[in-house]
Undergrad: 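A single structure is presented below for examination.
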Amino acid sequence: MNIFGSIIQGMTYLLNILYNLSAAVGLPNYGVAIILLTVLIKTLIYPLTYKQMVSMRKTVDLQPKIKAIQAKYKNDKEKASAAVMELYKEHNVNPMGGCLPIVVQLPIFWSLYSTLRNFKYDPSNIGAHMFLGFDLTHIYGFMPPTLHLILPIFAAATTYLQTKVTNPNASTDPTQKTMLYMMPLFFAYISATVPSGLALYWVTMNCVSILQQLYINRRLTNKNKSAA
C-alpha cells in the first residue's frame, strides 16, 4: 500500500472512531463525525496556524512600508524586491510562512475526498450519512433542489469572512481585492462539485479558522499594548 492509501485508510479508521464517539453521546451521524474530525485537525495544527496567522498579520502591518519601497524603486523591480526582502528579514517575517498549513491540509483534504467517495457506512443506521438533509456521499452540483446550494453558499461566505478577518485591508489593495472575491467563488464551485461531506468539512474548517484568527488578533493586540 502506498503512502496515500495509508492516509486514506487512517482517515477512514479515524472517521469511524469519531462516528462511534458521536453514537456514544446519542448523535450517531457521520456529519457530526466530520465536524469533530475538523475540530481535531485544526487543534493539532494550531501551532502551524498560529505561526501562519502571526506572519500574515505582520505582513499586513508592513503593507504601508512595502508600498513606499515599491514607489521609491518603481523603475527598478530588482531593487524593490531586495528592499522588501530586507524589510521582511528586519521584522522577522517569512513571506512563505503562510503556505505550510495549506501544504499540511492538502493531503487531508484529498484523503477525506477519497474516503467519502468509497466509504462503507454503518449498515445498522441507514440515515447515518444524512446530515441536515444532505447525503454526505453525494455530489449535488448546481442542479435543483436549491436547498443543496446552502453548503456552497456557506463555503463562499466563510471563505470571504476568513479573508477579511485575516486581512482587514484586503479590499483596498487591487490584487488582494481580486482574491477576496474570487476565492469565495472558487470554493463555492469546489464545494458543489465534491461530496457534500467534504463541503461540510470546508465550512467547519473556515468557521474554526475565523474563531482562531479572532483569538490570535486579540492576543497580538494585547501583546502590542503591553509592549507599548
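As the structure is a prediction and not an experimental result, all values here were calculated from the model.
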Undergrad: Mind checking the OG1-CD1 spacing from Thr204 to Ile34? Nearest 0.5 Å is all I need.
TA: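 Going from the OG1 atom of Thr204 to the CD1 atom of Ile34 covers 8.5 Å.
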Undergrad: First locate atom CG of Leu151, then atom CZ of Phe134, and finally report the distance between them rounded to the nearest 0.5 Å.
TA: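 If I round to the nearest 0.5 Å, the distance is 4.0 Å.
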Undergrad: Counting neighbours of OH on Tyr46 that are heavy atoms of other residues, nucleotides or ligands and sit closer than 6.0 Å, is the number greater than 12?
TA: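 Yes, OH of Tyr46 has more than 12 neighbouring heavy atoms, counting only those of other groups under 6.0 Å.
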Undergrad: Of all heavy-atom pairs between Ile139 and Thr193, which one has the smallest distance, and what is that distance?
TA: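 Shortest heavy-atom separation between Ile139 and Thr193 comes out as CG2-C, 3.6 Å.
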Undergrad: Mind checking whether Phe186 and Met182 have side chains closer than 4.5 Å, heavy atoms only?
TA: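 No - every pair of side-chain heavy atoms lies 4.5 Å or more apart.
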Undergrad: Looking at Gly31 and Leu136, what are the two nearest heavy atoms and their distance?
TA: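 Scanning both residues completely, I find the closest heavy atoms to be N-CD1, 3.2 Å.
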Undergrad: Measuring only between side-chain heavy atoms, which start at C-beta, is Ile66 closer than 4.5 Å to Leu87?
TA: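 In contact.
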Undergrad: CG of Leu161 to CG of Asn206: how many Å apart, nearest 0.5 Å?
TA: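 Taking CG in Leu161 and CG in Asn206, the distance rounds to 9.0 Å.
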Undergrad: Looking at Ala156 and Ala188, what are the two nearest heavy atoms and their distance?
TA: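 Nearest pair, atom of Ala156 first, then Ala188: CB-CB, 3.9 Å.
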Undergrad: So, the side chain of Tyr140 versus the backbone of Asp135: is there a donor-acceptor pair under 3.5 Å, distance only?
TA: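 Here the side-chain-to-backbone pair exists.
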Undergrad: Under a 4.5 Å cut-off applied to non-hydrogen side-chain atoms, are Val25 and Val32 in contact?
TA: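 No, their side chains stay 4.5 Å or more apart.
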Undergrad: Might you confirm whether atom CZ of Phe131 has over 12 heavy atoms from other residues, nucleotides or ligands at distances under 6.0 Å?
TA: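 Enclosed.
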Undergrad: Distance only, no hydrogens: is a donor on one side chain within 3.5 Å (strictly under) of an acceptor on the other, for Asn29 and Ser22?
TA: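 The criterion, which ignores hydrogens and geometry beyond distance, is not satisfied for Ser22 and Asn29.
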Undergrad: Does any part of the side chain of Leu132, heavy atoms only, come nearer than 4.5 Å to the side chain of Ile150, both counted from C-beta?
TA: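 In short, these two side chains do not touch, never coming nearer than 4.5 Å.
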Undergrad: Between the side chains of Trp202 and Thr159, does any donor sit under 3.5 Å from an acceptor?
TA: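 Yes, Thr159 and Trp202 have a side-chain donor paired with an acceptor closer than 3.5 Å.
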Undergrad: Kindly compute the distance separating OG (Ser191) from CG (Leu198), expressed to the nearest 0.5 Å.
TA: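 Interatomic distance, Ser191 OG to Leu198 CG, rounded to 0.5 Å: 7.5 Å.
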Undergrad: Would you say Thr137 and Tyr30 make side-chain contact, with heavy atoms under 4.5 Å?
TA: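 SC-SC contact between Thr137 and Tyr30 ruled out.
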